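What follows is a set of notes on a single structure, which appears directly below.
Order of listing sets the numbers, starting from 1, for every ligand and every atom in it. Note that the structure is predicted; figures quoted are calculated from it, not measured.
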Amino acid sequence: MLSDDNLQQQRALMVEEQIVARGVADPLVLKAMAVVPRHLFVPPEVQHKAYMDMALSIGYQQTISQPYVVALMTESAKVSSSDKILEVGTGSGYQAAILSLICKDVYTIETVAPLASDAKKRLQSLGFINVHVKQGDGSLGWAEHAPFDAIIVTAAADTIPQMLIDQLSLNGRLIMPVGSMYEQELIRITKTSDGLKRENLGPVIFVPLR
Ligand code: SAH
């Protein structure tokens with residue numbers, strides 16, 4: 001078993017070599033990535049790979065995203081301490097944990113029931129009390145808590161669900177991988193008083209939205 005010091009050191013290296021080196025600079029994002037115990041969000045058999053530069057399987061044909069991609073999505077969403085966030089695709093709960101250290105409240109939806117209940121237990125036991133997990137179809141959003149300052153979708157589709165755009169606040173940002181099964185672009189939609197602004201943040205690979 002690795003000591004806490006060793007794990008902290010692995011996280012510090014992960015932040016420097018994988019995240020800062022690729023241009024993520026938001027200090028709040030870097031701090032969150034340096035403290036959240038990623039090894040506790042992955043199955044025991046891949047725990048030794050938790051701080052490596054890769055996505056990892058979490059069962060049910062789903063993955064926890066590569067650390068850099070989590071950091072990039074969080075920075076791109078321009079989140080701040082008063083924000084209420086919606087995440088679609090809870091998976092392990094790792095992205096939600098990162099967001100919860102920066103934002104006021106995180107609402108997250110997962111369609112695979114055992115992943116949703118495991119993530120809920122994990123987040124609770126680790127003390128991420130401002131994360132609210134529910135099982136369901138995230139493409140419908142979570143109307144009773146809308147509007148959201150940012151929405152992060154961690155699964156890909158060829159179009160952005162309209163209900164998510166509807167649940168963005170004015171000046172709200174939506175980050176989502178958009179494209180086919182095998183290649184997608186990370187898209188940022190910003191809701192402005194003049195309409196929707198769309199930016200392409202570069203190529204990514206995600207599991208499909210179902
Ligand atoms: N953010 C996760 C990684 C998510 S992988 C983490 O940090 O670990 C994408 C997740 O989206 C998978 O768990 C998948 O089951 C879920 N998903 C796919 N379609 C969905 C939908 N329509 N609604 C909610 N979750 C969905």
> Any side-chain donor-acceptor pair under 3.5 Å between Thr90 and Glu110?
Replying inline: no
>> Check for me, please, whether Val36 and Leu28 land in the same ILVMFWY cluster - side-chain distances under 4.5 Å, paths through other members count.
In response: yes
>> Can you list, by chain and residue number, the hydrophobic cluster partners of Leu140 when the side-chain cut-off is 4.5 Å?
In response: Met163
>> Does anything in residues 79-105 form a ring pair (Phe, Tyr, Trp, His ring centres under 6.0 Å)? List the pairs, not counting sequence neighbours.
In response: Phe41-Tyr94
Atom pairs, nitrogen or oxygen, ligand 1 to protein, under 3.5 angstrom:
unit_1, atom_1, unit_2, atom_2, d
ligand 1, 1 (N), Glu87, OE2, 2.9
ligand 1, 1 (N), Gly89, O, 3.0
ligand 1, 1 (N), Thr154, OG1, 3.2
ligand 1, 7 (O), Gln95, N, 3.0
ligand 1, 8 (O), Ser92, N, 3.0
ligand 1, 8 (O), Ser92, OG, 2.6
ligand 1, 13 (O), Glu110, OE1, 2.7
ligand 1, 13 (O), Glu110, OE2, 3.3
ligand 1, 15 (O), Glu110, OE2, 2.6
ligand 1, 19 (N), Arg210, N, 2.9
ligand 1, 22 (N), Asp137, OD1, 2.9
ligand 1, 22 (N), Arg210, O, 2.8
ligand 1, 23 (N), Gly138, N, 2.8
ligand 1, 25 (N), Thr111, N, 3.2

> Rest of the hydrophobic cluster containing Met176 (Ile/Leu/Val/Met/Phe/Trp/Tyr, side-chain heavy atoms under 4.5 Å)?
Replying inline: Leu86, Val88, Tyr107, Ile109, Trp142, Phe148, Ile151, Val153, Ile160, Leu164, Ile165, Leu168, Leu174, Val178, Ile187, Ile189, Leu196, Leu209
>> Looking at Lys191 and Asp166, is any side-chain nitrogen of the basic one under 4.0 Å from a carboxylate oxygen of the acidic one?
In response: no
